Student: 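Below you'll find the structure I mean.
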Amino acid sequence: MKKPYPVPTPDSRPFWNGLAEQKILLKHCRDCDCVFHYPRVTCPNCLSSDLDWKQASGQGTLYTYTISRRPTHPLFADEVPQFMAVVELEEGPRITSTLLNVPEDKIQIGMALTPVFEHNEKEKITLLRFQPADTALRGAAPSAAEDKPASASQLTPEVLAYIGRVSDKVSGYPVSAEEIRRFCYATDDHNPRYLSGEDIVAPPMFVSIPFDWEVPMDSLPEDGTPQQNDGLVFPPLKAKRKLFGGYQVEYFQEIRPGDVLTRQRKFLDIYERSGASGSSVFMLIEATYTNQRGEKVAVDINTIINR
Amino acid sequence: MNEAQSRYFEDVCEGMELAPLTKTVTTTQMFLYSAITRNPHRIHYDEKFAHSEGLPTVLVQGPLQGAQLSAYVSDWMGAGGFLKKFTYSNRGMALAGQSLTLRGKVVKKYELEGRPAVDLEVWEENATGDLLVPATATVFLPSRSTN
């Protein structure tokens with residue numbers, strides 16, 4: 001898959017052609033004199049179709065911004081941190097763009113901006129970005145390449161592509177009073193609600209027990225880390241050592257002996273943190289549990305640290 | 001701890017502390033926990049392998065610490081309560097044989113989804129007071145007025 005670039009349409013082509021000539025062209029209504037962006041065939045103010053193009057001065061101010069530290073798509077991994085901005089042009093319309101040539105701590109809402117026409121010869125397209133109008137505020141933004149050399153980051157596009165992947169839906173073995181007891185004895189939990197009486201329930205942390213490790217021994221990695229047989233494969237990482245990082249859960253139902261739970265897992269997020277001892281990759285895996293009546297029982301998130 | 005009785009919403013106030021509870025996880029318990037979770041991860045039972053990963057000895061399973069904190073909350077709330085949300089984070093390593101203390105306090109009393117609810121902060125620390133596992137819990141408690 002290759003990185004997507006804008007595809008000019010009949011309505012927007014003059015705008016993109018204008019950028020190639022270092023001009024920002026805005027649609028202008030000859031009936032009500034309104035100027036607007038993005039390009040449309042009807043004036044959003046008076047619905048007139050009598051429109052032409054008007055060149056903007058290019059000067060604008062920063063209306064709002066956000067910093068994207070992780071790519072929304074693996075193909076944009078080379079652009080983070082991305083300073084996504086809404087720029088209000090002198091003529092009124094607001095344009096969604098990105099800021100260049102500015103250190104993070106110099107970005108301020110309301111700052112004066114001037115356009116940068118970024119031509120991509122290979123793609124035959126010019127992109128519109130913005131930079132501070134005041135040259136004193138300009139400076140190198142930490143590019144992904146400078147911040148963490150591509151060779152050092154473990155978050156390759158291949159790894160990032162795992163985010164959002166889902167497992168098969170798998171049924172666990174039926175919950176039994178005996179298994180609940182074994183779990184309580186192993187966790188040193190003597191709560192009578194789990195151990196005796198007519199209406200035994202499982203302790204909350206039991207929820208994943210019917211799904212734990214079930215693969216042949218020769219499929220286990222060297223360190224013996226448990227593998228699941230639900231089709232959710234871990235991404236290939238240089239960091240091989242695994243540690244449990246944490247857990248969050250929300251419950252909707254009690255779990256009782258005789259229940260058969262079904263689980264589906266998903267890679268919610270994968271991100272990297274650098275520390276003194278090198279970089280660690282955090283994997284967040286979300287699981288949704290339902291019971292034999294189709295009722296949602298719990299949703300949990302496990303954090304696994306690879307270092 | 002054995003608390004079959006209910007704790008009522010009206011009897012709880014913000015700032016209330018939970019009685020501390022000290023436990024020591026032995027290698028026997030770690031074996032039982034690896035068995036029930038069918039967890040063959042070697043850092044929990046193979047000391048030589050644990051050394052090869054830079055660990056001083058075998059490591060207490062993170063989810064076992066979480067289960068202890070969850071049980072600590074469930075014991076506190078009693079039979080009429082329901083653990084709605086629970087979150088914990090394994091910050092520091094716990095090693096076999098160390099004494100670990102669970103502590104907690106009530107941080108908020110309110111209504112959630114039309115039911116009386118309480119937010120708790122609970123945590124596990126080691127003998128020198130280092131915070132190992134911070135956790136938060138939201139529990140539904142029974143109310144005397146509806147009983």
Side-chain angles (χ1 to χ4, degrees), chain A residues 179-197 199 201 203-215 217 219-228 240-254 277 298-305 307, chain B residues 1-4 23-26 28-46 49 52-55 59 61-75 78-91 93 133-138 140:
Chain A
E179 194 76 336
I180 291 173
R181 274 205 300 277
R182 287 185 203 111
F183 181 82
C184 289
Y185 294 158
T187 53
D188 197 26
D189 187 344
H190 303 280
N191 194 320
R193 296 190 69 205
Y194 314 138
L195 298 170
S196 57
D199 185 29
V201 297
M205 295 298 128
F206 183 86
V207 66
S208 65
I209 294 297
F211 301 93
D212 282 315
W213 171 63
E214 195 189 303
V215 297
M217 201 155 53
S219 306
L220 285 175
E222 163 82 12
D223 65 359
T225 41
Q227 305 291 299
Q228 309 284 337
K240 296 285 178 232
R241 287 181 291 163
K242 286 192 171 55
L243 287 172
F244 190 80
Y247 182 76
Q248 44 182 302
V249 63
E250 178 169 4
Y251 287 96
F252 304 94
Q253 299 280 334
E254 296 280 15
S277 57
V299 177
D300 70 14
I301 300 170
N302 280 279
T303 301
I304 296 165
I305 306 171
R307 56 166 74 142
Chain B
M1 245 211 245
N2 248 350
E3 295 199 27
K23 296 192 167 231
T24 302
V25 178
T26 61
T28 311
Q29 183 176 4
M30 288 167 58
F31 170 84
L32 287 175
Y33 188 78
S34 281
I36 186 69
T37 55
R38 297 159 185 77
N39 180 356
H41 197 175
R42 292 167 69 191
I43 62 171
H44 302 306
Y45 56 85
D46 185 336
F49 184 81
S52 79
E53 293 216 340
L55 300 167
L59 194 64
Q61 296 92 335
L64 171 54
Q65 295 167 281
Q68 287 182 324
L69 281 165
S70 157
Y72 181 56
V73 171
S74 294
D75 282 346
F82 181 79
L83 182 75
K84 178 60 182 163
K85 290 180 191 170
F86 187 63
T87 301
Y88 63 87
S89 175
N90 297 90
R91 297 271 174 80
M93 288 189 288
V133 189
T136 58
T138 299
F140 288 136

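Here is the naming used below: chain letters follow the sequence lines, and residue numbers restart at 1 for every chain. Please read all numbers here as calculations on a predicted model, not as lab measurements.
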Student: Which bit of L243(A) comes within less than 4.5 Å of chain B, counting heavy atoms only: side chain, backbone, both or neither?
Tutor: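 Side chain only.
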Student: Distance-only, no hydrogens or angles: does the E250(A) side chain make a donor-acceptor pair with backbone N or O of K84(B) under 3.5 Å?
Tutor: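 Checking the backbone N and O of K84(B) against the side chain of E250(A), no donor-acceptor pair under 3.5 Å is found.
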Student: Could you look at S70(B) and say if it's the side chain, the backbone, both or neither that has a heavy atom under 4.5 Å from chain A?
Tutor: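 Only the side chain of S70(B) comes within 4.5 Å of chain A.
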Student: Out of Q29(B), Q68(B), K23(B), which residue meets the side chain to side chain donor-acceptor pair (under 3.5 Å) rule with D188(A)?
Tutor: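 For D188(A), the side chain to side chain donor-acceptor pair (under 3.5 Å) test succeeds with only one of Q29(B), Q68(B), K23(B), which is K23(B).
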Student: Report yes if some heavy atom in the side chain of Y247(A) is under 4.5 Å from a heavy atom in the side chain of P63(B); otherwise report no.
Tutor: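 SC-SC contact between Y247(A) and P63(B) ruled out.
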Student: If you count heavy-atom pairs under 4.5 Å with chain B, which of G245(A), P204(A), C184(A), G197(A) comes out on top?
Tutor: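 Most heavy-atom pairs within the cutoff with chain B belong to G245(A).
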Student: Please name all residues satisfying ring pair (Phe, Tyr, Trp, His ring centres under 6.0 Å) with F211(A), sequence neighbours left out, ordered by chain then number.
Tutor: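 If we apply the ring pair (Phe, Tyr, Trp, His ring centres under 6.0 Å) test to F211(A), skipping adjacent residues, the hits are Y289(A).
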Student: Pick whichever of L32(B), T37(B), I43(B), D46(B) has the most heavy-atom pairs under 4.5 Å with chain A.
Tutor: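 Option with the greatest count: T37(B).
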Student: F206(A): which residues meet the ring pair (Phe, Tyr, Trp, His ring centres under 6.0 Å) condition with it, sequence neighbours left out?
Tutor: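 With sequence neighbours excluded, F206(A) shows a ring pair (Phe, Tyr, Trp, His ring centres under 6.0 Å) to F183(A), given in chain and number order.
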Student: Checking heavy atoms, do the side chain of L83(B), its backbone, both or neither come under 4.5 Å from chain A?
Tutor: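 Answer is both: backbone and side chain atoms of L83(B) are under 4.5 Å from chain A.
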Student: Taking every heavy-atom pair that is under 4.5 Å apart, which of F31(B), F82(B), F49(B) has the most such pairs with chain A?
Tutor: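 The residue among F31(B), F82(B), F49(B) with the greatest pair count is F82(B).
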Student: Give, for atom OH of Y88(B) and atom OG1 of T303(A), the distance between the pair rounded to the nearest 0.5 Å.
Tutor: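 Going from OH on Y88(B) over to OG1 on T303(A), the span is 9.5 Å.
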Student: Identify the two heavy atoms, one from D189(A) and one from A71(B), that lie closest to each other, and give their separation to 0.1 Å.
Tutor: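 So the minimum-distance heavy-atom pair works out to OD2-CB, 3.4 Å.
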Student: Hey, could you give me the NZ/OH distance between K85(B) and Y251(A), rounded to the nearest 0.5 Å?
Tutor: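 Here the rounded value is 13.5 Å.
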Student: Is the shortest side-chain N to carboxylate O distance from E53(B) to K240(A) below 4.0 Å?
Tutor: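 Between K240(A) and E53(B) there is no salt bridge, as every charged N stays at least 4.0 Å from the carboxylate O atoms.
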Student: Give a yes or no on whether the backbone of G80(B) and the side-chain of R193(A) come within a donor-acceptor separation of less than 3.5 Å.
Tutor: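 Not a single qualifying donor-acceptor pair exists.
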Student: Who wins among T187(A), D223(A), I209(A) for the most heavy-atom pairs under 4.5 Å with chain B?
Tutor: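 Counting heavy-atom pairs under 4.5 Å, the top option is D223(A).
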Student: Among P203(A), G246(A), G224(A), which residue has the highest count of heavy-atom pairs closer than 4.5 Å to chain B?
Tutor: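 Heavy-atom pair counts peak at G224(A).
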Student: Specify which of R182(A), E222(A), R307(A) makes the most heavy-atom pairs with chain B at under 4.5 Å.
Tutor: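 Among R182(A), E222(A), R307(A), the one with the most close pairs to chain B is E222(A).
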